[in-house]
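Reviewing the structure listed below.
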Amino acid sequence: MNDVLPGEAPLWARLETAAAEIFASYGYERIRIPVLERTELFSRSIGELTDIVEKEMYTFDDRNGESVTLRPEATAGVVRAGLSNGLLHNQQQKLWCSGPMFRREKPQKGRYRQFHQLSVEALGFAEPEIDAELIAISARLWKRLGIKSVTLEMNSLGTPEARVGYKAALVEYFSAHMEKLDEDSRRRLDRNPLRILDSKNPAMRELIAGAPLLSGYLDAESQAHFDRVQQLLTDVGVKFSLNPRLVRGLDYYSRTVFEWLTDKLGAQSAVCSGGRYDGLVAQLGGRDTPAVGWALGIERIVELVRVEAGEPEGTACDA
């Protein structure tokens, strides 16, 4: 956990003000969601075999014996709020929120167990134009803040149906190298082999690099969607590169996924990540509803603004 001291407050306010103004200009409205939710919300949405659910969530039983969790991310809570309050019934919503998130990760520079995010979610939009709009919003925010060191990587995960063949290919590939798999990867092999591609174990890098590529299994509709996103970003001058290994660490993603990266913050290179999650609303009990969003780490963006401006490192007091 860390304290944000008065000397840092102006940079936080600058980021939050800039983001709020840009979001409003695109028609996004603010929503505030609880810090505490039922544990099943995150295990159902994020995925039981992800590192977040298996290792990082702050989960405990309340006095009634119900399992509750401090939110590790915002998207599941925003969707839950939309369903609970009837915001998604024959409606489209453009929403954003901010606040603290909690993950019990290994402490290191730029990564805290309580951290803050800004999240943007567009619910009810199937068109590739909304994917491009959200990415363009983030690019506009970097320009507003004077950030120049970030680069954009993108990939398409296709539909869950199209990934069935890809998962089978991954199982066949990794099964042939069982002796090289760590304990987590062996456990995930049969239930969700895509999670192996997201492994942070350095010893797995060479093996993962040789795995089949998802692009070879992409369905035609997802490919056309992704091609359109790329064309739209090119039209508005947003530069990007394709990363066929980008899968994102949450199970609810489909089709477009992306990350903004920097080489200015050491090991913590990702500063903003997101993508489509077309199946999440139905997964949580609603109707089929296309959706897309992203989240940025406020601490990382504030530090990046400081580093690029040549200012000294932050003076946050770690607890």
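Here Arg300 does not pair with Glu303 in a salt bridge; the nearest charged N to carboxylate O distance is not below 4.0 Å. We find that Glu129 and Arg228 are joined by a salt bridge, their nearest charged nitrogen and carboxylate oxygen being less than 4.0 Å apart. Taking 4.0 Å as the cut-off between side-chain N and carboxylate O, Glu133 and Arg140 do not count as a salt-bridged pair. Salt bridge annotation for Lys148-Glu308: absent, with no cationic side-chain nitrogen under 4.0 angstrom from a carboxylate oxygen.
Scanning all heavy atoms of the two residues, the minimum distance from Lys239 to Leu152 falls at O-CB, 3.6 Å. Nearest heavy-atom pair, Ser185 versus Ile196, reported as atom, atom and distance to 0.1 Å: O-CD1, 3.5 Å. Scanning both residues, Thr39 and Thr69, for their nearest heavy atoms gives OG1-OG1, 2.8 Å. Minimum interatomic distance between Ile33 and Ala74 (heavy atoms only, all atoms of both residues): CD1-O, 3.6 Å. Here the closest non-hydrogen pair linking Ser149 and Thr262 is OG-OG1, 2.8 Å. Looking at every heavy atom in both residues, Gly158 comes nearest to Asp219 through CA-OD1, 3.8 Å.
Without hydrogens or angle criteria, Trp294 side chain to Leu134 main chain gives a donor-acceptor distance under 3.5 Å. Judged by distance alone, with hydrogens and angles left aside, the side-chain atoms of Arg287 form no donor-acceptor pair with the main-chain N or O of His89 at under 3.5 Å. Without hydrogens or angle criteria, Arg276 side chain to Asp131 main chain gives no donor-acceptor distance under 3.5 Å. Proximity of a side-chain donor or acceptor of Arg103 to a complementary backbone N or O of Glu56 within less than 3.5 Å is not detected. Of the possible polar contacts, one joining the Glu73 side chain to the Thr75 backbone as a donor-acceptor pair under 3.5 Å is found. Checked by atom type and distance alone, the side chain of Asp62 pairs as donor or acceptor with a backbone atom of Asn64 at under 3.5 Å. A donor-acceptor pair is defined here as one N or O able to donate and one able to accept, closer than 3.5 Å; no such pair exists between the side chain of Gln114 and the backbone of Asn2. The closest donor-acceptor contact from the side chain of Gln92 to the backbone of Gly124 lies under 3.5 Å. Of the possible donor and acceptor atoms, one in the side chain of Asn243 sits under 3.5 Å from a partner among the backbone N and O of Arg245.
Ile22 and Val236 fall within a single hydrophobic cluster, where Ile, Leu, Val, Met, Phe, Trp and Tyr side chains are chained together by heavy-atom contacts under 4.5 Å. When the side chains of ILVMFWY residues are joined at heavy-atom separations under 4.5 Å, either directly or via intervening members, Val257 and Leu261 end up in two distinct hydrophobic clusters. Hydrophobic clustering (side-chain heavy atoms under 4.5 Å, transitive across Ile, Leu, Val, Met, Phe, Trp, Tyr) keeps Val164 apart from Leu218. Criterion: ILVMFWY side-chain heavy atoms under 4.5 Å apart, direct or through other members. Under it, Leu232 and Phe258 are not part of a common hydrophobic cluster. Linking Ile, Leu, Val, Met, Phe, Trp and Tyr whenever their side-chain heavy atoms come within less than 4.5 Å puts Met1 and Leu36 in one cluster.
For CZ of Arg104, the number of neighbouring non-hydrogen atoms (other residues, nucleotides, ligands) closer than 6.0 Å is 12 at most. By the neighbour-count criterion of 12 heavy atoms within 6.0 Å, atom CG of Asp288 is sparsely surrounded, having that number or fewer from other residues, nucleotides or ligands. Within a 6.0 Å radius of CD in Gln91, more than 12 heavy atoms belonging to other residues, nucleotides or ligands are found. For CD of Glu29, the number of neighbouring non-hydrogen atoms (other residues, nucleotides, ligands) closer than 6.0 Å is 12 at most.
The side-chain contact (heavy atoms from CB on, under 4.5 Å) with Val292 is formed by just one residue from the set Ile130, Ile135, Val120, Asp278; it is Ile130. A side-chain hydrogen bond (donor to acceptor under 3.5 Å, both in side chains) with Gln231 is found for exactly one of Asp235, Thr234, Asp227, namely Asp235.
Going from atom CG of Leu280 over to atom OG of Ser254 covers 9.5 Å, rounded to the nearest 0.5 Å. Rounding to the nearest 0.5 Å places CZ of Arg71 at 14.5 Å from CE of Met57. Rounded to the nearest 0.5 Å, atoms CZ (Phe240) and CD (Gln230) are 4.5 Å apart. Arg255 CZ to Asn155 CG: the interatomic distance, rounded to the nearest 0.5 Å, is 13.5 Å. Here the straight-line distance linking atom CG of Leu170 with atom CZ of Arg188 works out to 14.0 Å at 0.5 Å rounding. Here the straight-line distance linking atom CD1 of Ile31 with atom SG of Cys97 works out to 7.5 Å at 0.5 Å rounding.
By the 30° and 60° cut-offs, the orientation of the rings of Trp142 relative to Trp260 is perpendicular.
With ring centers used as reference points, Trp96 lies 6.0 Å or more from Tyr28.
Proximity of Ser67 to Thr59: side-chain heavy atoms (C-beta onward) are separated by under 4.5 Å at one or more points. Looking at Gln283 and Val79, their side chains never come closer than 4.5 Å, going by heavy atoms from C-beta outward. By the 4.5 Å heavy-atom criterion applied to side chains, Arg44 and Leu284 are counted as neighbours. Put simply, the side chain of Ser43 reaches to within 4.5 Å of the side chain of Glu40, judged on heavy atoms.
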Item to check | Val305 and Leu15: CA distance, side-chain angles, deciding distance, side-chain contact (heavy atoms from CB on, under 4.5 Å) verdict | outcome: CA-CA 9 Å; Val305 170; Leu15 167 58; over 6 Å; no

Checklist entry - Between Phe174 and Leu197, does a side-chain contact (heavy atoms from CB on, under 4.5 Å) hold up when you go through it step by step? => result CA-CA 10 Å; Phe174 286 121; Leu197 301 178; 4.1 Å; yes

Item to check | Test log, rule side chain to side chain donor-acceptor pair (under 3.5 Å), inputs Ser98 and Arg30 | outcome: CA-CA 9 Å; Ser98 67; Arg30 186 167 195 172; 2.7 Å; yes

Item to check | Check against side-chain contact (heavy atoms from CB on, under 4.5 Å), Ser138 and Leu296 | outcome: CA-CA 9 Å; Ser138 59; Leu296 64 80; over 6 Å; no

Next on the checklist: Test side-chain contact (heavy atoms from CB on, under 4.5 Å) on Asn192 and Lys167; report intermediate values, then the result.
Outcome noted: CA-CA 8 Å; Asn192 197 342; Lys167 288 181 177 180; 4.2 Å; yes

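Counted by atom type alone, Tyr277 and Glu121 present one or more donor-acceptor pairs between their side chains at under 3.5 Å. With 3.5 Å as the limit, one finds no donor-acceptor pair spanning the side chains of Ser222 and Thr159.
Annotation for Phe115: hydrophobic cluster partners, listed by chain and number, are Met101 (ILVMFWY side-chain heavy atoms under 4.5 Å, direct or chained).
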